[in-house]
Structures are given as structure tokens and as C-alpha cells.
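Inspection log for the structure reproduced underneath, given as C-alpha cells.
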Amino acid sequence: MTTTTLPDQNAAEQTFESFGLDARILRALSEQGYTKPTPIQAQAIPVVLLGKDVMGAAQTGTGKTAGFALPIIQRLLPMANASASPARHPVRALMLTPTRELADQVYDNVARYAKHTDLRSTVVFGGVDMNPQTDALRRGVEILVATPGRLLDHVQQKSVNLSQVQMLVLDEADRMLDMGFLPDLQRIINLLPAQRQTLLFSATFSPEIKRLAASYLKQPVTIEVARSNSANENVRQMVYQVEDGHKQAAVVHLLRQRAEQGLSKQCIVFVNSKIGCSRLARHLEREGINAAAIHGDKTQTERMQTLEGFKSGNIDALVATDVAARGLDIADMPCVINFDLPFSAEDYVHRIGRTGRAGASGDALSIFVPGDERLLTDIEKLIKRSVPRGTLEGFDPTGEKARQEDSDRRRQRADVRRARGGNGDGEGEDRRRRHDHGGSRSAFRPSDDPFFSRPYEPSPNSASAKPADEMIAAALSRGRQAPKRPVAALLGGAPRKS
DNA sequence: AAAAAAC
């Protein structure tokens, strides 16, 4: 695979006009309030306009979508003809994404950029009725955004013809591979003309991604934009250690603290499991916080409603699994909280990438419990810096514990109800017991627990308590431990399996 | 240890 890297353009002096974009596109951009291209746009737009393949390392929040969508629209303009018959509207550009929400958002952007043109676009993804999608496809579109599974479904139903696709975008390609989409991707790509332009975007250039690129890209231009958040100085990262079982209370504490300080209430709280996600959302609601859960077991309608509610400000705390870690373009998230540290360090970067967009400042707060040492070490190794340890001022875990145990009991009752056939998810609030903890804002009494009663300090006997650099050094010097993955897998051989 | 995605 031959790879060329373009010299870094002087992005500061670029304007959208300077790319030679059509007036109809420029008009849409100025209506959207776009003024200056972001670095990824400055790099990608000219390259895509030239018809070159692209291997792009960029995350959401960098303006990546416009980086590929604008030049694609520009290149398709000669194909646009509003009065043409559906047969004259074959799919010319196909954009694939790993999650339904991301597909919807990419489509939303495309539609806005192409608003003043005659290009047609639509989006197809699972979890919703196929018929409206089929109708839209039958009417004809030049630009199609899709998740792989549902697209193949449409292909089988012969409601879409991909034989005229000239441009293919693989967005969040690493995620698609992680999710086992490779066979689907191969099936789809085999339906496309060999002569086409392919753009691949990925957060990482893992061996798997490189192999994918080697099979499907032709002499790609590599575009890399510095990870927006690993070294993003305007994101204040912090990790708080609490005891197992105090995590929910800690999140409540953090949210209330922010409210007290007059900071925005809007926040995404990431949880590793779907069950934990629903539970935390319920707990927050009980604590009087406007919260809602979003995860893969929610229906598509619920997912969209929740996202809408969050965007419109009706929901303050969006409690999410990693369905929301990547791609969700929620502007200017002031705060991201990791209720659980993510299993993979990559996911940490994606999660906190929800905040600190476009120079805005943001907080990325993580809850740490004993046993999370390895996860934190991995994260710090990846982002090449230590995450500062913070103290939960005035946090009273023992007082909170009683409440939490109580809520655990309630949850068990809800589980029993569910087992009897009721819907226990979020519906368990019918007969809520009243709790009086001496005031509307429950007091966080100083605790006798030595860990919580004083600020977090490094302690010699706890690996987790060492400063991050020491922890990393220790981890590195620990020597010949069995690698987490077989070497073959690291080299890109066998699929990983632990 | 998990999540995501077609029916």
C-alpha cells in the first residue's frame, strides 16, 4: 500500500470559498454558521475533491462529517436533476456507520449541506419500519447513509441498487470492525464498482484497519488530526476514588456539586452495562435529577426520543452505554462522567470526546473503585498523561449508603415484579417510599471513614494510590506478564479472543 | 467483566 501524506495546510487562512465549493453549498454553510474550516476539513476537502482515496484518523467533534460530505456533494452536483425519473437517481455515494444514531446524524448533516441543491439523500438503519425507507430508496437518492445490516436487508429486497456507487465512506471503521461488521462490509463492498473513491475514517490505525485499507483503498492519502481530547488542555480530566457500592452516590454528589457551582446541568454519564445504565438513571431520577437511560435494549423510538429530550434540554443527565460513546454529535457537552471506567482505553478517549469540542471547555470526571487500577493504567498509557486525582468535597458515602441499600431493595422488588411479567425498567416508581434525610438536599456529613475524610493522597501500599507516572512505570517494569492478547493477534493475524 | 447491529 502506497501512502502519501500531504503537508499540513495552513488551515488558519483557509476559507470554504477557497476550496471552490459551489455557491449553493456555500450558502448552506453560511446559513449553518460555518465560517472557517476545521483542520480536518482543510486537509480532507481538497483531497476528496481530487477524487483520491483517503485514510483518515479523526474523531467526531473535529468536523469530520463536513470534511467528507462537502466535497462529496460538490462532486455529485453534476448528477443532480430534480426532474429526472427515479431510475436516473441511482445511489452515487454510500456512507456506512456503525450505529444507528450516527447514521442519522451523518444524514442530517448531509441533508443540510445539500439543502439548496437537487441532490437527494436518505438514511436507512435497523430498529424501525422498513417501508418508509424502501419508499425513499425507490424514489431515488444520490446519497445514502446506512448501517450495514439494514442496508443488506434492503439489498436483498432489491429496493436499492449499489452498482452505480462512485464514492464510499466508511465512518468509524474501527468501531465497525469491533462490532463484527467485517463480513457485512465485505458483502456490501463486493456489490460496488471496483472503480470508485473510498474514504475510510477510523480513530485508530490498528493492524485490522490497515488490512481493511490495504484491501479496499487505492493509494490513499493519509490525513491525521491530533486526537482532539487526549491532550486537549481545555478538558479538565479528574478521577475520584470511592468504595465499591458508593458509585451512584458519588455521581449524585458530583451532579449536585456542579449545580451548586452554577455549572450547566447537562451531562452524559457513561456506564458499562445496559442494566447498570437503567439502574443509574432510575437512581438519579429518584434523587430528583432529570435523567434518562439510552442503550441498545431500548427501542429505536425510545432512543431517539431520549436523544431529542437531551438535546432540547428536557433531560439533564443522559445515562448511556457505549452506544453513545462514539459519534453522537451533541454540541458543547460541558461534562462527561464515567460511572464505570470503560473496558478499553480507546473508549475512554471516545467518551470524553463528547466534551471540549471546538475549543469549548469541559469536564471529564471518572469514578474509580478498587479493582479499576488496570483500566486506569491503560487509559493513562494511551493518553500519555496522568489523570489528576480529585476529592469529593463533603461526600458522605456512609449516609448515602443507607439510601443506596434501600434503593437496592427497591430494585429487587422491581426485579420480582418484572419476573411476574411487569416492565421493571423505569416503571418501578409507582409506589415509592418517602425518605426523609433531613432536608430536600440530603446532607453529606463528614465521614469517619479515613479514606473519605481526608483528601486523596498517594499511599505506599496501594498501587492505585500512586501517582499515575509511577503506576505506569510500575506496570511497565512488572516484566514478563502474559500479554493480554496473543502476539499473533497484535500483529493482525488471528481475531482477538481473550 | 460489555456493548453494538437485520429480521
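The analysis underlying the following values was restricted to heavy atoms, covering all of them including side chains, and did not include hydrogens, waters or symmetry mates. Residue numbers begin at 1 in each chain, while the letters A, B, ... track the order of the sequences.
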For a quick check of understanding: with a heavy-atom distance under 4.0 Å over all strands, which category does A/G180 fall into, base, sugar-phosphate or nothing?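 A/G180: no heavy atom of the nucleic acid under 4.0 Å.
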
Length of the [atom1]-[atom2] vector between [X] and [N], whole Å:
| X | N | atom1 | atom2 | value |
| --- | --- | --- | --- | --- |
| A/D322 | B/dA4 | CG | C1' | 9 Å |
| A/L185 | B/dA5 | CG | C1' | 12 Å |
| A/F181 | B/dA4 | CZ | C1' | 7 Å |
| A/H350 | B/dA4 | NE2 | P | 16 Å |
| A/D174 | B/dA4 | CG | P | 17 Å |
| A/R100 | B/dA3 | CZ | P | 15 Å |
| A/L152 | B/dA6 | CG | C1' | 9 Å |
| A/D378 | B/dA1 | CG | C1' | 14 Å |

Considering only side-chain heavy atoms of A/F343, which listed nucleotide, B/dA5, B/dA6, B/dA1, is closest? B/dA1

Check every atom of B/dA4, B/dA2, B/dA6 against the side chain of A/S273 and return the nucleotide holding the closest atom.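 Taking heavy atoms from C-beta onward, the closest nucleotide is B/dA2.
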
Other residues, nucleotides, ligands: >12 heavy atoms within 6.0 Å of A/I275 CD1: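 Count not over threshold, so no.
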
A/L212 and A/E208, any side-chain heavy atoms less than 4.5 Å apart: no

Validate the cation-pi geometry between A/K247 and A/F339: distance from NZ or CZ to the six-membered ring centre under 6.0 Å, angle to the ring axis within 45°. yes

So A/F395 and A/H246, would you call those rings parallel, tilted or perpendicular, with 30° and 60° as cut-offs? perpendicular

Is the phosphate of [N], meaning OP1 or OP2, less than 4.0 Å from a side-chain N or O of [X]?
| X | N | answer |
| --- | --- | --- |
| A/R175 | B/dA3 | no |
| A/R303 | B/dA5 | yes |
| A/T321 | B/dA4 | yes |
| A/T147 | B/dA6 | yes |

Can you tell me if A/T122 uses its side chain to pair, donor with acceptor, with the backbone of A/A136 under 3.5 Å?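 Pair absent, no side-chain N/O of A/T122 close to backbone of A/A136.
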
